[in-house]
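Worksheet: one structure, shown below.
In what follows, chains are A, B, ... by sequence order, proteins preceding strands, each numbered from 1.
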Protein chains: 4
Amino acid sequence: MSSVSESGGPRSGRPRSKCIDHAVREATLHLLEEVGYARLRMDAVAARAKVGKAALYRRWPSKAALVLQHLIGDLSPRAPADTGTLRGDLRVMTRDTIARMTHPRVHPALPELLTELVRDPALQRLFEEACLIPERDAVRAVAERAVSRGELSRMPDVGWAYAQLTGPVFVWLHLLRETADEATADRLADDVAAAWTASEEWQEREVGER
Amino acid sequence: MSSVSESGGPRSGRPRSKCIDHAVREATLHLLEEVGYARLRMDAVAARAKVGKAALYRRWPSKAALVLQHLIGDLSPRAPADTGTLRGDLRVMTRDTIARMTHPRVHPALPELLTELVRDPALQRLFEEACLIPERDAVRAVAERAVSRGELSRMPDVGWAYAQLTGPVFVWLHLLRETADEATADRLADDVAAAWTASEEWQEREVGER
Amino acid sequence: MSSVSESGGPRSGRPRSKCIDHAVREATLHLLEEVGYARLRMDAVAARAKVGKAALYRRWPSKAALVLQHLIGDLSPRAPADTGTLRGDLRVMTRDTIARMTHPRVHPALPELLTELVRDPALQRLFEEACLIPERDAVRAVAERAVSRGELSRMPDVGWAYAQLTGPVFVWLHLLRETADEATADRLADDVAAAWTASEEWQEREVGER
Amino acid sequence: MSSVSESGGPRSGRPRSKCIDHAVREATLHLLEEVGYARLRMDAVAARAKVGKAALYRRWPSKAALVLQHLIGDLSPRAPADTGTLRGDLRVMTRDTIARMTHPRVHPALPELLTELVRDPALQRLFEEACLIPERDAVRAVAERAVSRGELSRMPDVGWAYAQLTGPVFVWLHLLRETADEATADRLADDVAAAWTASEEWQEREVGER
DNA sequence: AATTAATCGAGACGGTACGTCATGTCTTGAT
DNA sequence: ATCAAGACATGACGTACCGTCTCGATTAATT
């Protein structure tokens, strides 16, 4: 993970204090939980961390970057374990997804963070590297295992799979304002498994129809 | 549809001018397309509509309410036609969804609007009545037809179905920044059809296993 | 006194309700005492009088006019009694002046009313007719009596006399924020008497010096 | 003179820019002359000084404070020269008073400034320190010289003297809307001299009557 | 040890939009 | 033509927050 706060440059002069990084992290995460993203003020972060605002902007170019940087850890997917079956692997993944998206710090900040993400290409890259790419790798790994087991005959579209796995949870949580537990995760995993399997059958059928 | 700008009660006093409603609508929609949601200024709306800012705030409590009110038309689902098959009906629905979410006014405003939606309960109610409920009705109608045709033996969860139908498109468009066409719609429709069908088989199987 | 609220014009249609004049007067005076001039809102007057704002503006062209109109009674000088001596007459006048300027309704509104007076020629005329002219007449009467008694040999400048009589009280009350009682009035009366008398001596002396 | 814009304490942080103080002063004084007090807009001051509105409100709590602060220089009295006689000293003072009150920046702003002064205790203190106290000192100096010369046998009331010297000019200029020149100043000086002298005679007489 | 140069906390800065407020006018339908 | 109710345009207000900049004071690595 390439950190926003690691600047490439200066060789001499006073080095940046490590304990500022830590204090800012503490302040940001606490304030996120207390007031959410929108009401989180850079002044407040600086004050709580007993740090000058300049120290903040020396490390992160914007409020969104600061927050995203510190939520990345909570947002990044875990490596998907091999359970022996496609449905099992998918269930592990969806449970991980739901766990991250319902995290007390992540949940209230997610929609606003997405808004900033859309606006700022630098944030997009950060998010992509920390979340999108690992998630796609995970999907790919699961799919490859399923292919090698013979559960699938061909690889599904990894990008679309990401949308299948993440989208319903996001809408479920934020638009419908429902709660999500392991049953929700399992239901989603089954949906995806069904879609992957069925799409093969249809393709075969369609090929056969010609 | 219960409008934000329709006040409930009084009979006396000067009634709110219809032509202001119209001018504001025109101004809002044009500015949305020209500059998007974030850069849309209340001052600019008022100026373009040749209206005082007070007239705006008398009708809508916030910028978000103003915009949502006027995008509702573009966001509300069409009644789903009966194509004779479940997959056909679903394809009509997903195409409609994608058409709405890629609308030039809707697309750039959607993430920010969602952010406000999450914050403001009044907006949530407005959105629910204008979008969520009709969309759920549409899903229910499609599912009921499928049941009566014998394609499904039992009704799926309508709320979850909404998440299945909307979530992937949202993520696909805004997180992955991909484009969506009719092929995307069809793929999604097939996913949902597969999930609905498969979930029945699994349930049967699970019942049989006991 | 020509009232602002007597419009010259309409012959036909519904006549203006007298009881509105009364209700507005009551509301204005009470609000003046309660919140002063600056925080007195036209909306509040209308609401308290249970009257439409249009009825207000049909009678008075501005807030300042409305207030001035209703304070005129408290501002207008009483006819000066003949006490037999110049100093006695002046003391009656200064006591009257101080009584009016310390009136609970007049005192807090006076500086702001003066500001409006400076701005608005129509108010100036109203004030002139109701206060300035009567006051000058009073001064003239007192001076003429003094001349006829032989206390003065020539008439003083009536305008300047008004400034002599009013100015110190205004500054005393509003700039220095002191309280004024009858002793203050007497002191002022003596000052003016001294000035009038002395100016004659000086003039004689100056004439004699030539 | 204790300035509104001088904050008492802190040693750290970026100090307030001197050149902003200067630019704001320039802008305020020019706009005062161009449009007067009532039509002077804080936005306009900020724009003309090329300064953010926040910088204004950081220094002065209100428009009235801003203006008063910058007019103080024009309002403060000059030290009264010793001309050798009481009447001469008083004429110097009254000419100074009239000169200040007819100053092109001061004259049109004075009534409105007085209004704000009455409302705001902080402004009162500022005005008191910069004007009232020096003016009273000047009066006292003049009176003491007169006493030491034998022109007066006892000190007059300094506060009342201020009212005598200032009040008639204010009323003459703003209520009567007359013009004031040196003749006016001399007339006023003679009035005050007469009052001071006469009050002694009366007191003697009253003492003698007992 | 002295020098150098980037850091530090504090907080002022320009800019920009916000939502509120009050005035005086205008528009209903009813009297 | 009036009435009460209340919407209207206008235009200033004071506040808020962002991201930048400046101040004098550290603080390490380099001379």
(message) Does E:dC26 have its OP1 or OP2 closer than 4.0 Å to a side-chain nitrogen or oxygen of C:R58?
(response) no
(message) Please list, in numerical order, the residues of residues 27-34 of chain C that have a heavy atom closer than 4.0 Å to any atom of DNA chain F.
(response) none
(message) Are the side chains of D:L117 and C:H174 in contact, using a 4.5 Å heavy-atom criterion?
(response) no
(request) Starting from the C-alpha separation in whole Å, work towards a yes-or-no answer on salt bridge (Lys or Arg N to Asp or Glu O under 4.0 Å) for A:R59 and A:D21. (result) CA-CA 9 Å; A:R59 288 166 171 76; A:D21 293 41; 2.9 Å; yes
(message) By nearest atom, which of the nucleotides F:dC8, E:dC8, F:dC3 is closest to the C:A55 side chain?
(response) F:dC3
(request) Spell out, as yes or no, whether a donor-acceptor pair under 3.5 Å connects the side chain of A:E33 to the backbone of A:P104. (result) no
(message) Does the Lys NZ or Arg CZ of B:K63 fall within the cation-pi geometry relative to B:Y57 - under 6.0 Å from the ring centre and within 45° of the axis?
(response) no
(request) Provide, to the nearest angstrom, the distance between the CH2 atom belonging to C:W60 and the P atom belonging to E:dT25. (result) 15 Å
(message) Between A:G52 and D:V51, which residue's closest nucleotide on DNA chain E lies nearer the 5′ terminus?
(response) A:G52
(request) Report the distance from atom NZ of A:K18 to atom C1' of F:dT27, rounded to the nearest whole Å. (result) 16 Å
(message) Between P on F:dC3 and CG on C:L56, what's the gap in Å once rounded to a whole number?
(response) 11 Å
(request) Can you tell me the distance, in whole Å, between the CG atom of C:D21 and the C1' atom of F:dC3? (result) 13 Å
(message) If you define the side chain from C-beta out and look only at heavy atoms, does anything of D:L71 sit under 4.5 Å from D:T28?
(response) no
For residues 46-55 of chain B, run the donor-acceptor check on the side chains, cut-off 3.5 Å, and write out each pair with its distance to 0.1 Å, sequence neighbours left out.
from: B:R48; atom 1: NH1; to: B:E34; atom 2: OE2; distance (Å): 3.3
from: B:K53; atom 1: NZ; to: B:D43; atom 2: OD1; distance (Å): 3.3

(message) As an exercise, state the distance from CH2 of B:W60 to CG of B:L123, rounded to the nearest 0.5 Å.
(response) 13.0 Å
(request) Do nucleotides 14-21 of chain F as a string where each nucleotide becomes B, S or -: B if the base has a protein heavy atom under 4.0 Å, S if just the sugar-phosphate does, - if no protein is that close. (result) BB-SSBBB
(message) Please enumerate all residues that pass salt bridge (charged side-chain N to carboxylate O under 4.0 Å, His left out) together with A:D74, with sequence neighbours excluded.
(response) A:R105
(message) I need the CD1-P distance between A:I20 and E:dA10, as an integer number of Å.
(response) 11 Å
(message) Less than 4.5 Å apart, side chain to side chain, heavy atoms only: is that true for B:V106 and B:L113?
(response) no
(message) Applying salt bridge (charged side-chain N to carboxylate O under 4.0 Å, His left out), can you list everything that pairs with A:E112, at least two apart in sequence or on another chain?
(response) B:R119
(request) Check DNA chain E against residues 116-125 of chain C and give the residues with a non-hydrogen atom under 4.0 Å, in numerical order. (result) none
(request) Would you mind reporting whether B:M42 and B:L66 have side-chain heavy atoms less than 4.5 Å apart? (result) yes
